Amino acid sequence: TQLLEQSPQFLSIQEGENLTVYCNSSSVFSSLQWYRQEPGEGPVLLVTVVTGGEVKKLKRLTFQFGDARKDSSLHITAAQPGDTGLYLCAGAAGHGGGGSNYKLTFGKGTLLTVNP
Amino acid sequence: DAGVTQSPTHLIKTRGQQVTLRCSPKSGHDTVSWYQQALGQGPQFIFQYYEEEERQRGNFPDRFSGHQFPNYSSELNVNALLLGDSALYLCASSLAYSTGELFFGEGSRLTVL
């Protein structure tokens with residue numbers, strides 16, 4: 001069974017601070033995705049990283065995929081209250097024959113609160 | 001461009017009852033996956049449908065079943081409901097043979113009393 005461990009589980013910071021969220025596994029993934037989920041809504045895809053060592057930036061968010069494709073991090077610079085939400089990482093692994101898509105394994109998420 | 005739509009948004013059932021949840025995928029998508037998200041947890045994979053067949057299944061009992069229709073929409077059925085089935089049920093659509101990015105609906109919140 002593939003597991004994704006996210007840390008920290010909870011994070012409460014002040015507006016303007018920087019933060020890093022980690023996603024670790026003992027398994028290798030074909031790709032890793034980050035989602036943000038707000039209360040009462042479904043997760044929304046932020047980014048997909050595919051290549052080991054890959055770094056992607058989305059405005060103030062920087063995503064990195066580990067060289068061995070087992071871990072990833074999300075760094076937010078100058079956090080804003082609008083960044084508040086549950087951040088989920090999800091690893092995509094090879095599917096059984098005949099399947100159309102990879103099966104995603106989600107971590108438990110990091111609940112981020114940014115206080116004004 | 002319509003996103004993923006799910007119905008109903010909220011429902012309350014009692015133990016032993018059966019429930020059917022519905023999902024229409026994002027326009028152009030042909031694959032539907034269902035996830036269960038308990039409070040304070042990440043989504044857990046239930047199963048995935050493509051070409052009207054169940055292609056992959058997570059660690060869920062046979063009480064959980066599904067269907068995909070020719071128009072790619074899907075249903076999730078849960079029989080003999082247990083208290084532990086209370087959760088947010090998320091439908092996600094994607095495009096076959098892509099890198100697997102999922103587009104989620106807002107979910108159906110099921111409460112079992």
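A note on names: the letters A, B, ... follow the listed sequences, proteins ahead of strands, and every chain is numbered from 1. Only a predicted model underlies this, so the values are computations on that prediction, with no experimental measurement involved.
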K.L.:
Does any backbone or side-chain atom of A:L111 lie under 4.5 Å from a heavy atom of chain B? Answer side chain, backbone, both or neither.
P.N.:
neither
K.L.:
So, taking the atom named CZ in B:F104 and the one named OH in A:Y35, what distance separates them when rounded to the nearest 0.5 Å?
P.N.:
5.5 Å
K.L.:
Does CZ belonging to B:F47 count more than 12 external heavy atoms closer than 6.0 Å?
P.N.:
yes
K.L.:
Can you name the one residue among A:V44, A:L45, A:L104 that meets side-chain contact (heavy atoms from CB on, under 4.5 Å) with B:L102?
P.N.:
A:L104
K.L.:
Show the nearest heavy-atom pair for residues A:L88 and B:G42, with the distance to one decimal.
P.N.:
CD2-CA, 3.9 Å
K.L.:
Count I, L, V, M, F, W, Y as connected when their side-chain heavy atoms are under 4.5 Å apart, and connections chain through other members. Are B:L81 and B:F64 then in the same cluster?
P.N.:
yes
K.L.:
Would B:L110 end up clustered with B:L83 when hydrophobic side chains under 4.5 Å apart are linked, directly or stepwise?
P.N.:
yes
K.L.:
Go through B:A92, B:G58, B:P43, B:G107 and name the one with the most non-hydrogen pairs under 4.5 angstrom from chain A.
P.N.:
B:P43
K.L.:
For A:Q37, which atoms come within 4.5 Å of any heavy atom of chain B: side chain, backbone, both, or neither?
P.N.:
side chain
K.L.:
Can A:F65 be reached from A:Y22 by stepping across I, L, V, M, F, W or Y side chains whose heavy atoms are under 4.5 Å apart?
P.N.:
no
K.L.:
Hey, could you give me the CD/NZ distance between B:Q41 and A:K108, rounded to the nearest 0.5 Å?
P.N.:
4.5 Å
K.L.:
Heavy-atom distances under 4.5 Å only: say whether B:Q37 touches chain A with side chain, backbone, both or neither.
P.N.:
side chain
K.L.:
Can you tell me which portion of B:Y35 sits under 4.5 Å from chain A's heavy atoms? Options are side chain, backbone, both or neither.
P.N.:
side chain
K.L.:
Would A:L58 and A:L19 show up in the same hydrophobic cluster when neighbours are defined by side-chain heavy atoms closer than 4.5 Å?
P.N.:
yes
K.L.:
Does B:R63 have more than 12 heavy atoms from other residues, nucleotides or ligands lying within 6.0 Å of its CZ?
P.N.:
yes
K.L.:
Are A:Y87 and B:F103 connected in the hydrophobic side-chain network, where two residues link if heavy atoms are under 4.5 Å apart?
P.N.:
no
K.L.:
Which atom names give the shortest non-hydrogen contact between A:P43 and B:L90, and what distance separates them?
P.N.:
CD-CD1, 3.8 Å
